[in-house]
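The structure under discussion appears below in the form of structure tokens.
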Amino acid sequence: VLKQRGAHVVVVMDGLEDLFQSLPRDPRQEVALRALCQDLPTALREIPDRRLGLVVFVRKDLVRAAVRQNFSQFESLHKSYELRWNPEEALRLAVWLCQKAGNDLDLQGHLLEEAPRDVLEQALYRIWGYKLGAPRSREAVTANWVLAALSDFAGRLQARDVVRFFHYAAKRAQVVSEYDGRLLQPAAVRYAIEPCSQDKVKEAQEEMPWLADIFEKFNRVPDRRIPFRAGDYDLTAEDVRLMNEVGIIFEEEGVFYMPEIYRHGLGFKLEKGARPKVLSLMKRAFGTL
């Protein structure tokens, strides 16, 4: 019929996360998603004079769970189509949000869409400063600190977390002392991460219901600290694998670390000396911050 009409049709599928919520532990859903992502596209490619196309938007961790054999090959084949935010785009969103709030930020003659990272960072100095303290202090560079705090160990940083950060930081800024003329004082910037993390954990359980059982294992232990071992929380090898794939934990020298965006919401404290290691792992996840 399409050939007779000289037409082409592209089917776009999105929102599959809502349908495959039990996929990591449901073989039927695993088969269904694998068929959708692998078998159906292969079958379509074999049709002569193909007039029917398929575009599937789906989370990477779900595809990894469904395509267990040769996932690296599948990933390499589709890598150029991967939707992934980088730190520069996160800073671009930060500048855009601040502009929409009525702040005139200096982009040094660049359009927002084209401004390089260093210009975006400098534009945000009047919002949150260069560092989380005096410019010559040993405190962290604010932009790097915020990006690391909002990211997971898979190198993912979501727009919703950036928006939430500014919501909580701006709200807190109204009740803390002024600092160096900034709109968001260091105290407000640091404060915002915990409520962001709490929202993140709640949201993660809604999007990946299988996480609830794992998080409950954490909740059974009153004093939760990082780094930790799987046995501290009765975590199975499958629990570890799943959390590692979605960036919630990372194993280093036999112990596990957790990014800030999950740590606060799950009630973990850092053991002495653990913070530099977490930052090091964040830099590795992004290549560099």
Side-chain angles (χ1 to χ4, degrees), residues 83-153 155-203 259-265 270 275-276 278-280 282-283 285-289:
L83 300 177
R84 183 168 180 171
W85 257 39
N86 59 35
E88 183 174 302
E89 292 306 316
L91 292 174
R92 204 179 309 281
L93 173 60
V95 171
W96 182 84
L97 289 170
C98 293
Q99 288 179 330
K100 289 299 180 181
N103 297 287
D104 184 18
L105 303 186
D106 182 13
L107 292 176
Q108 304 175 30
H110 294 275
L111 294 174
L112 176 59
E113 297 78 9
E114 301 172 355
R117 175 168 174 169
D118 63 328
V119 170
L120 297 171
E121 289 186 3
Q122 292 173 34
L124 289 165
Y125 287 172
R126 71 181 299 257
I127 303 297
W128 58 30
Y130 170 52
K131 288 188 174 183
L132 286 174
R136 296 182 180 277
S137 70
R138 299 181 64 181
E139 294 287 353
V141 173
T142 308
N144 291 349
W145 189 91
V146 172
L147 292 173
L150 296 179
S151 304
D152 63 28
F153 280 149
R156 285 189 295 259
L157 196 165
Q158 294 184 299
R160 68 186 81 168
D161 294 318
V162 175
V163 174
R164 275 196 287 250
F165 165 80
F166 278 100
H167 166 74
Y168 288 119
K171 190 173 181 180
R172 185 66 172 179
Q174 299 175 30
V175 297
V176 298
S177 301
E178 285 192 28
Y179 188 93
D180 196 26
R182 305 177 191 183
L183 295 180
L184 300 180
Q185 311 91 326
V189 171
R190 289 190 173 94
Y191 166 85
I193 301 305
E194 184 168 346
C196 282
S197 179
Q198 292 169 347
D199 289 347
K200 184 74 169 182
V201 168
K202 180 180 178 181
E203 198 172 67
E260 296 291 279
I261 194 61
Y262 283 104
R263 179 178 74 81
H264 292 282
L270 288 173
R275 190 176 299 278
V278 172
L279 181 58
S280 172
M282 293 308 310
K283 288 182 177 179
F286 270 110
T288 180
L289 286 171

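The structure displayed is predicted, hence computed values, not measured ones.
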Q: Report the C-alpha separation of Asn103 and Arg126 in whole Å, then their side-chain angles, then the decisive distance to 0.1 Å, and conclude whether the side chain to side chain contact (heavy atoms under 4.5 Å, CB included) test is met.
A: CA-CA 9 Å; Asn103 297 287; Arg126 71 181 299 257; 3.9 Å; yes
Hey, are the side chains of [X] and [Y] touching, using non-hydrogen atoms and a 4.5 Å cut-off?
| X | Y | value |
| --- | --- | --- |
| Leu124 | Cys98 | yes |
| Arg117 | Pro87 | yes |
| Asn86 | Leu157 | no |

Q. Does any N or O in the side chain of Ser151 come within less than 3.5 Å of the main-chain N or O of Leu147, such that one atom is a donor and the other an acceptor?
A.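 Indeed, once roles are kept as given, a pair shorter than 3.5 Å links the two residues.
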Q: Quick one: which residue pairs count as a salt bridge (Lys or Arg N to Asp or Glu O under 4.0 Å) with a foot in residues 103-114, not counting sequence neighbours?
A: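 For residues 103-114: none.
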Please tabulate, one pair per line, all N/O donor-acceptor pairs under 3.5 Å involving side-chain atoms of residues 127-138, not counting sequence neighbours.
{"from": "Lys131", "atom 1": "NZ", "to": "Ser137", "atom 2": "O", "distance (Å)": "2.7"}
{"from": "Ser137", "atom 1": "OG", "to": "Ala134", "atom 2": "O", "distance (Å)": "2.7"}
{"from": "Ser137", "atom 1": "OG", "to": "Glu139", "atom 2": "N", "distance (Å)": "3.3"}

Q: Taking side chain to side chain donor-acceptor pair (under 3.5 Å) as the test, write out the residues that go with Gln122, two or more places apart.
A: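 Listed in chain order: Gln108.
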Q. Got a sec, which residues hit side chain to side chain donor-acceptor pair (under 3.5 Å) with Arg92, two or more places apart in sequence or on another chain?
A.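 With sequence neighbours excluded, Arg92 shows a side chain to side chain donor-acceptor pair (under 3.5 Å) to Glu88, Glu89, given in chain and number order.
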Q | Qualifying residues under side chain to side chain contact (heavy atoms under 4.5 Å, CB included), relative to Arg160, sequence neighbours excluded | A |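 Per chain and number, Arg160 pairs via side chain to side chain contact (heavy atoms under 4.5 Å, CB included) with Gln158, Arg164, Glu203, Glu207.
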Q) Residues in side chain to side chain contact (heavy atoms under 4.5 Å, CB included) with Gln198, at least two apart? A)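 Glu194, Pro195.
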Q: Look up atom SG in Cys196 and atom NE2 in His264, then write down how far apart they are to the nearest 0.5 Å.
A: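 Output value for this atom pair is 10.0 Å.
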Q: Could you walk me through whether Asn144 and Glu121 pass side chain to side chain contact (heavy atoms under 4.5 Å, CB included), step by step?
A: CA-CA 9 Å; Asn144 291 349; Glu121 289 186 3; 4.1 Å; yes
Ignoring hydrogens and angles, write down the donor-acceptor pairs under 3.5 Å from the side chains of residues 165-174, residues two or more places apart or on other chains.
{"from": "Tyr168", "atom 1": "OH", "to": "Asp199", "atom 2": "OD2", "distance (Å)": "2.6"}

(Q) So which atom in Lys200 and which in Tyr262 form the shortest heavy-atom distance, rounded to 0.1 Å? (A)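 Taking Lys200 first and Tyr262 second, the nearest heavy atoms are CE-OH, 3.8 Å.
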Q: Heavy atoms only: give me the nearest Ala149-Glu260 pair and the separation to one decimal.
A: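 Shortest heavy-atom separation between Ala149 and Glu260 comes out as O-CB, 3.8 Å.
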Q: I would like to know whether Leu120 and Leu112 meet side chain to side chain contact (heavy atoms under 4.5 Å, CB included); could you show each step before the answer?
A: CA-CA 8 Å; Leu120 297 171; Leu112 176 59; 3.9 Å; yes
Q | Worked verdict on Ile193 versus Leu150 for side chain to side chain contact (heavy atoms under 4.5 Å, CB included) | A | CA-CA 7 Å; Ile193 301 305; Leu150 296 179; 4.0 Å; yes
Q: List in chain and number order the residues that pass salt bridge (Lys or Arg N to Asp or Glu O under 4.0 Å) with Asp118, two or more places apart in sequence or in another chain; answer none if no residue qualifies.
A: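 Asp118 satisfies salt bridge (Lys or Arg N to Asp or Glu O under 4.0 Å) with no other residue.
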